[in-house]
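Treat the numbers as computed from the prediction; the structure is a model and nothing was measured.
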Amino acid sequence: MRWILRGAGGLLALVVVAALALVIIDRASLPKAPRTADLIARGETYQVRIRRDAWGVPHIQGKTDADAAYGLGFAQSEDDFATLREVLLATRGVLAREKGASAAPTDYVVSLLGVWPTVEAGYPKLPPDLRKVLEAYADGVNHYAALHPEAVSPGLLPVTGKDIEAGFVFKQPFFYGLDAELKSLSAPGGPPPPPKGSNGLAVGPSRNADGATRLLVNSHQPYTGPVAWYEAVIESGEGWHVAGGFFPGSPFMLHGHNATLGWANTVSKPDLVDIYRLTINPENRNQYRLDGQWRDFEKSTATLRVKLWGPIVLPVRKAVLRSAHGPVLETKAGTFAIRYAGMGEYRQAIQYWKLDKAKTLAEWQAALATHALPSLNYVYGDAAGNIGFVHNGQYPNRKAQVDWRGVLPGDRSDLIWQGYLPLAATPQLWNPKSGYVFNSNNSPLRASAAADNLKAEAFPASMGLQTNMTNRALRVEETVGTDPAINDESFRRYKYDLTYSDRSSVAAMIAEVTAVRAGGDKDLADAQAILKAWDRQTNIHNRGAALAALMSQPILFARTSGAPEPKPIDTLKAAITTLKTHFGRLDPEWGQVNRIRRGKVDLPIDGAADTYRSVWGIPQKDGTTTADGGDTFIMFVTWDRDGRLSSDSIHQFGSATLDASAPHYADQTPLFVAMKTKPVLFTEAQLKGHVKEDYRPGKR
């Protein structure tokens with residue numbers, strides 16, 4: 001799975017070597033399959049309706065929270081069971097049993113991070129009514145699976161509440177870049193993780209011409225896979241009523257809105273990981289030095305079951321080491337221990353559940369005070385006119401006076417931090433005089449107008465706060481920040497901004513490459529002339545965007561993932577070659593190059609990497625790029641001056657996120673390309689007259 005570790009020190013080589021020694025048919029390790037009739041019968045005990053609107057979006061109505069969660073599990077399975085299945089196998093650490101050796105590193109990381117010991121210890125401590133929700137969601141998945149045995153992997157069933165809990169434990173640290181840290185140790189020089197981004201923007205009544213409160217929910221995720229967005233509306237008789245984005249395997253709305261408040265999440269990258277170089281006892285490699293003494297590693301064994309072909313599965317055993325610092329990796333460069341935010345944390349589901357059910361700012365802040373999520377920014381708005389920004393994080397309580405940014409010596413216990421700074425120490429900004437807050441993966445010290453921004457001296461250097469500014473953040477300052485009377489039309493126009501700022505890194509790259517002497521290189525001279533004349537726009541008819549985007553995107557991609565950055569002049573020359581080879585000119589229209597493809601749909605699309613209309617393209621053999629990340633699920637949420645809610649949304653594809661034969665596989669893509677939206681039918685009155693299907697799970 002590409003959002004996790006792409007390699008883990010010699011694991012693939014280990015698989016090959018072990019294959020020479022032993023190959024078996026792995027059946028004994030699989031759990032006994034439950035009776036299909038029992039799974040169906042259990043599912044039929046829940047009281048829930050699934051109603052789908054014209055776009056196929058499920059509106060799930062349950063008598064209790066558990067009923068609603070069950071309905072969501074069933075509906076999500078209908079639309080994308082293949083991804084759900086992969087998420088569950090990955091979370092259990094058995095994905096290689098289905099995917100083969102390429103998935104072995106992912107399975108190893110599950111053991112390395114201690115996902116299941118954390119779940120086994122923490123699950124009984126969760127509130128009983130929350131466990132019912134997790135188990136009900138699992139029952140919805142089980143019910144669908146029982147009706148479609150051809151889609152079920154051996155050993156998958158039954159899915160349990162612990163599986164759903166484990167998904168939160170496993171995924172959360174990767175949002176702030178733990179995967180990149182692991183890759184840098186175990187597979188330096190390998191492919192970088194995909195870029196992580198997002199925009200969040202809230203504008204309060206004082207800055208909106210009509211006195212409304214406006215919220216933009218604009219996460220940038222991969223288009224498909226385990227962290228691709230799924231849209232749903234959930235309502236239970238116990239007060240759970242939300243609309244927004246869900247991940248495969250998550251029963252909770254992760255961002256969006258309820259009747260009275262909402263929030264957007266963006267990825268943050270504070271310094272939440274510390275790496276320690278360990279000194280190994282030359283006479284006993286099972287020991288490391290700490291405070292002048294040799295200490296034994298905690299040692300266990302991960303058994304990776306790797307599919308070779310057909311039913312033939314190879315068990316590969318690899319040691320899992322832990323020191324007093326945390327998980328340990330043995331690499332060619334040495335032995336390193338890792339300590340990271342979220343290690344051993346099991347309460348993520350509690351926080352998400354409380355956030356979903358909060359009705360007021362005070363209740364929402366109390367939910368945030370659960371302090372269970374290791375990172376993620378929040379941009380908040382509500383019906384009462386409150387707006388806010390929270391640079392949320394479990395910031396390590398680092399006390400020693402050292403430079404925490406590099407590799408630390410592993411022989412000093414005073415460098416092993418314990419616990420986190422309190423939530424009150426977290427950078428946050430509420431109801432600034434400017435009337436707006438934002439984040440676009442930039443420094444938390446620039447979240448509003450200059451006079452309202454947080455000050456660096458208020459936060460210790462050991463927090464490792466970001467200092468960067470993305471182009472998207474600069475453009476908020478240049479659009480929203482200069483408009484004192486925003487309305488609905490301008491708010492949407494700013495969201496679909498296609499411009500690179502003159503202060504952006506892309507502008508700096510252009511300045512760098514146009515200063516190079518072209519000499520007798522006519523192609524380079526022509527490219528420099530195009531870039532000098534370019535208006536910094538990325539609309540589909542623009543004739544400078546292709547050269548600029550193909551030059552800058554490899555650098556921006558590397559920058560977001562922490563990989564080594566290529567030189568602009570080198571990426572420019574590569575762009576020149578691509579455009580001349582495939583288009584016969586250096587200035588084709590951007591829409592000829594920049595495409596979004598889904599089944600039979602193949603359309604030009606505006607935007608580029610790090611524009612506010614964000615589009616990350618994967619290069620194709622024909623010289624084009626295929627959009628694969630960036631803008632995905634988008635929501636515009638408004639509470640008018642009287643607190644009345646309205647919202648609309650768009651998904652880059654549709655509600656059937658993996659079924660190519662389904663009518664909703666790509667039905668939203670033309671609307672998405674046109675930068676338009678559809679209404680969110682949140683209330684019964686709004687949904688009335690728009691229901692295209694109404695059924696109980698299993699009775700469609």
Ser655 side chain to Gly56 main-chain N or O, any donor-acceptor pair under 3.5 Å?
yes
Looking at Lys359 and Asp382, does any basic side-chain N land under 4.0 Å from a carboxylate oxygen?
no
Is any NZ, NE, NH1 or NH2 atom of the basic residue among Lys692 and Asp53 found under 4.0 Å from an Asp or Glu carboxylate oxygen of the other?
no
Quick check, are the ring centers of Phe168 and Tyr352 under 6.0 angstrom apart?
yes
Look only at the side chain of Asn453 and the backbone of Ser448, and say whether a donor-acceptor pair between them is shorter than 3.5 Å.
yes
Using a strict threshold of under 4.0 Å (side-chain N to carboxylate O), is an ion pair present between Arg446 and Asp452?
no
Check for a donor-acceptor pair, side chain of Asp67 on one end and backbone N or O of Gln47 on the other, with a separation under 3.5 Å.
yes
By side chain to side chain contact (heavy atoms under 4.5 Å, CB included), Ala228 pairs with (sequence neighbours left out) none
With Arg52, the side-chain hydrogen bond (donor to acceptor under 3.5 Å, both in side chains) member among His59, Glu78, His664:
Glu78
With a 4.0 Å cut-off on N to O distance, would you call Glu477 and Arg475 a salt bridge?
no
Under 3.5 Å, side chain of Asn468 to main-chain N/O of Asn441, donor-acceptor pair present?
yes
Interatomic distance, OH@Tyr612 vs CG@Leu201, rounded to 0.5 Å, equals 4.5 Å
Would you compute the distance between atom NE2 of His371 and atom OG1 of Thr426 and round it to the nearest 0.5 angstrom?
4.5 Å
Strictly distance-based, threshold 3.5 Å: is any side-chain N or O of Asn258 a donor or acceptor partner for the main-chain N or O of Asp356?
yes
For the ring-ring contact (aromatic ring centres under 6.0 Å, His included) test, which of Phe653, Trp616, Phe633 pairs with Tyr223?
Phe653
Is there any salt bridge (charged side-chain N to carboxylate O under 4.0 Å, His left out) pair reaching into residues 244-264, and which pairs are they, with sequence neighbours excluded?
none
Could Glu165 and Lys162 be called an ion pair, given the rule that one side-chain N must be under 4.0 Å from one carboxylate O?
no
Tell me whether Arg613 forms a cation-pi arrangement with Tyr496, defined as NZ or CZ under 6.0 Å from the six-membered ring centre and within 45 degrees of its axis.
no
Within the 6.0 Å centroid threshold, strictly below: Tyr380 and Trp430
yes
Can a salt bridge be assigned to the pair Asp210 and Arg641 using a cut-off of 4.0 Å between side-chain N and carboxylate O?
no
Should Asp483 and Arg207 count as an ion pair when the cut-off is N to O under 4.0 Å?
no
So that I can tick it off, tell me whether Glu693 and Arg700 are bridged by a salt bridge, with the cut-off set at under 4.0 angstrom between side-chain N and carboxylate O.
yes
Determine whether the aromatic ring centres of residues Phe81 and Tyr144 are separated by less than 6.0 angstrom.
yes
Looking at Phe247 versus Trp229, is the centre-to-centre ring distance below 6.0 Å?
yes
Salt-bridge present (Lys63, Glu235; N to O < 4.0 Å):
no
Determine, for Arg493 against Asp497, whether the closest basic-nitrogen to carboxylate-oxygen distance falls under 4.0 angstrom.
no
For the pair Trp639 (side chain) and Ala259 (backbone), establish whether a donor and an acceptor sit closer than 3.5 Å, ignoring hydrogens and angles.
yes
Determine whether a donor-acceptor pair (N or O, by modelled atom type, separation under 3.5 Å) exists between the side chain of Gln668 and the backbone of Pro670.
no
For the pair Ser77 (side chain) and Gly73 (backbone), establish whether a donor and an acceptor sit closer than 3.5 Å, ignoring hydrogens and angles.
yes
Parallel under 30°, tilted from 30 to 60°, perpendicular over 60°: which one fits the rings of Phe682 and His257?
tilted
Test item: Ser501 side-chain N/O and Asn471 main-chain N/O as donor-acceptor pair under 3.5 Å:
no
Cation-pi check for Tyr494 against Arg472: NZ or CZ below 6.0 Å from the six-membered ring centre and within 45 degrees of the axis, yes or no?
no
Tell me whether the count of non-hydrogen atoms from other residues, nucleotides or ligands lying under 6.0 Å of NZ in Lys688 goes above 12.
no
Given the ring of Phe636, does Arg492 sit roughly above its face, with NZ or CZ under 6.0 Å from the centre of the six-membered ring and within 45° of the axis?
yes
Can you confirm whether more than 12 heavy atoms, excluding those of Lys678, are under 6.0 Å from its NZ atom?
yes
